[in-house]
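Everything numeric in this text was worked out from a predicted model, so none of it was measured.
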Amino acid sequence: MKKWYAVIGDPISHSLSPFMHETWFRENGLDASFIPVHVEPSDLKQAYEALLILGASGFNVTLPHKQAIIPLLGGIDDTAAAMDAVNTVVRSGKSFNGTNTDGDGFVKSLLTMKPASDSRILLIGAGGAARGISFALKRGGFEDVTITNRTYRRAEELASETGSKPMMKAEAEHRLGDFDIIIQTTSVGLAEDEALPIGLQNVRPGSLAADIVYNPIETPFLKRAEEEGCRTLNGVGMFVYQGAIAFEKWTGIKPDTEKMIQLITEKLGGNYVNR
Ligand code: NAP
């Protein structure tokens, strides 16, 4: 029987997940579809039950449902529990189990830039994505992680959970030159937003600046970092790798990520190359 998968969120029309997974189904000769489903927060429980009854084999969860979905699920794995957020759901008989592939997706993307494992890393942000990334960095053997955030208390909380160091934004700005890798995980820099999450005047040329926002493909943070002589990594890789880990959990197949990074980059109207 034809299998089907979905992504649920509010809003959802901008999502590139249907394009990505349908392309991979075709490339791998799988008879399956992937549909975007607009689910408002008040409809989440009913939507979940519908996905179950109508036989979805799995689905992705995006904003604002990544936490609210948890009590509805049959279970979640350790990664999702540590992050307190789910982005991927896999069917198990008559229920669904949740996991989270965002953090590992980012680390896979980071590894393409061949960073040393003793790199001094500054993580900007303490929201859902930063949580996933900070746990995944530790799992990936990156020990020296400092977290800064607009709301300092959240940086402190996340740092204490992951064995990282918290730092006030003003101090991080002043000491930016101490870091080899700076990872921007806040929502600052989304389309039309020219703001920077941190002043980059003290950054060290040659250090790596990574942004997880991928639309626009070259954010103001990356533009400015490049002007200051940094190497840069945009958010497309994280998006594609988190999807590839989900795809493998659903189908057992490792999809072609290199080609997909190119396709998504073209779809976003960019010829941007990570350097
Ligand atoms: P979230 O949980 O809402 O966290 C938002 C973060 O941004 C918090 O640290 C927040 O700081 C900070 N922030 C928001 N507005 C700010 C401002 N004006 N100045 C300074 N800091 C600000 O969101 P999330 O789920 O972590 O997602 C963050 C971004 O990552 C989104 O743009 C999302 O699209 C992107 N993302 C990309 C991928 C990918 O595959 N590439 C995957 C997941 C998410 P406070 O704590 O002070 O509020």
Just do the salt bridge (charged side-chain N to carboxylate O under 4.0 Å, His left out) check on Glu156 and Arg153 with the steps written out, would you?
CA-CA 5 Å; Glu156 279 185 316; Arg153 178 185 48 76; over 6 Å; no
Look at the side-chain heavy atoms of Ile, Leu, Val, Met, Phe, Trp and Tyr, link any pair under 4.5 Å apart, and say whether Leu54 and Leu44 land in one connected group.
yes
Hey, are the side chains of Ile12 and Thr62 touching, using non-hydrogen atoms and a 4.5 Å cut-off?
yes
Does Ile181 reach the side chain of Arg120, with side-chain heavy atoms less than 4.5 Å apart?
no
Taking all heavy atoms of Val7 and all of Ser15, pick out the closest pair and write down the distance.
CG1-OG, 4.0 Å
Would you list the pairs meeting salt bridge (Lys or Arg N to Asp or Glu O under 4.0 Å) in which at least one residue belongs to residues 95-110, sequence neighbours left out?
Lys66-Asp102, Asp104-Arg139
Are Asn97 and Asp77 close enough, and set up right, to give a side-chain contact (heavy atoms from CB on, under 4.5 Å), and what steps lead you there?
CA-CA 8 Å; Asn97 290 324; Asp77 68 7; over 6 Å; no
Are Met113 and Ile133 joined in one hydrophobic group, where the rule is that I, L, V, M, F, W and Y side chains link up if heavy atoms are under 4.5 Å apart?
yes
Under 3.5 Å: donor-acceptor pair, side chain of Arg91, backbone of Gly93
yes
Nearest non-hydrogen partners of Val188 and Leu196, listed with the distance
CG1-C, 3.9 Å
Thr186 side chain vs Pro197 backbone, donor-acceptor pair below 3.5 Å
no
Heavy-atom nearest pair, Ile121 first then Phe179, reads C-CD2, 3.7 Å
Give a yes or no on whether a salt bridge exists between Glu228 and Arg204, defined as a side-chain N under 4.0 angstrom from a carboxylate O.
no
Mind checking ring-ring contact (aromatic ring centres under 6.0 Å, His included) for Phe96 and listing every partner two or more places apart, or none if nothing turns up?
Tyr48, Phe59
Closer than 3.5 angstrom, by distance alone: can the side chain of Asn60 be matched with the main-chain N or O of Asn87 as a donor-acceptor pair?
yes
Can you find a heavy atom in the side chain of Asp84 that is under 4.5 Å from one in the side chain of Ile70?
yes
Does a side-chain heavy-atom distance below 4.5 Å link Phe247 with Lys254?
no
His174 NE2: over 12 foreign heavy atoms closer than 6.0 Å
no
Answer yes or no: is there a side-chain heavy-atom contact under 4.5 Å between Arg175 and Asp178?
yes
Flag yes if Leu63 and Val61 sit in one hydrophobic cluster, no otherwise; membership is Ile, Leu, Val, Met, Phe, Trp, Tyr, and two members link when side-chain heavy atoms are under 4.5 Å apart.
no
Indicate, with yes or no, if Met260 and Trp250 share a hydrophobic cluster defined by side-chain heavy-atom contacts under 4.5 Å among Ile, Leu, Val, Met, Phe, Trp and Tyr.
yes
Check: Glu248 side chain, Ile253 main-chain N or O, donor-acceptor pair, under 3.5 Å:
no
Under 3.5 Å donor-acceptor, Asp256 side chain and Glu258 backbone
yes
Any non-hydrogen side-chain atom of Leu208 less than 4.5 Å from a side-chain atom of Thr232?
no
Closest approach of Val236 to Tyr214 (non-hydrogen atoms, all atoms of both residues):
N-CB, 3.6 Å
Would you mind reporting whether Asp43 and Gln46 have side-chain heavy atoms less than 4.5 Å apart?
yes
Minimum heavy-atom separation for Ala126 and Asn149, please, with both atom names.
N-OD1, 3.3 Å
Can you tell me if Thr219 uses its side chain to pair, donor with acceptor, with the backbone of Leu222 under 3.5 Å?
yes
For residues Val37 and Val89: do they belong to one hydrophobic cluster (side chain heavy atoms under 4.5 Å, members Ile, Leu, Val, Met, Phe, Trp, Tyr)?
yes
Does the ring center of Trp4 lie less than 6.0 Å from the ring center of Phe34?
no
When every non-hydrogen atom of Ser95 is compared with those of Leu52, the smallest separation belongs to CA-CD1, 3.9 Å
Taking side chain as C-beta onward, heavy atoms only, is Pro64 less than 4.5 Å from Asp10?
yes
Main chain of Val39, side chain of His65: is a donor-acceptor contact present, judged purely on distance under 3.5 Å?
yes
Report yes or no: is the cationic atom of Lys267 (NZ for Lys, CZ for Arg) under 6.0 Å from the centre of the six-membered ring of Phe19, at an angle within 45° of the ring normal?
yes
Should the pair Glu161-Arg131 be classified as a salt bridge under the 4.0 Å nitrogen-to-oxygen rule?
yes
Take Ser207 and Asp180 through the test side-chain hydrogen bond (donor to acceptor under 3.5 Å, both in side chains) and record every step on the way to the result.
CA-CA 5 Å; Ser207 58; Asp180 305 305; over 6 Å; no
Arg154 and Glu157 ion-paired at < 4.0 Å:
no
Counting only heavy atoms not in Lys2 (residues, nucleotides, ligands), do more than 12 fall under 6.0 Å from its NZ?
yes
Is atom NZ of Lys138 surrounded by more than 12 heavy atoms (other residues, nucleotides or ligands) closer than 6.0 Å?
yes
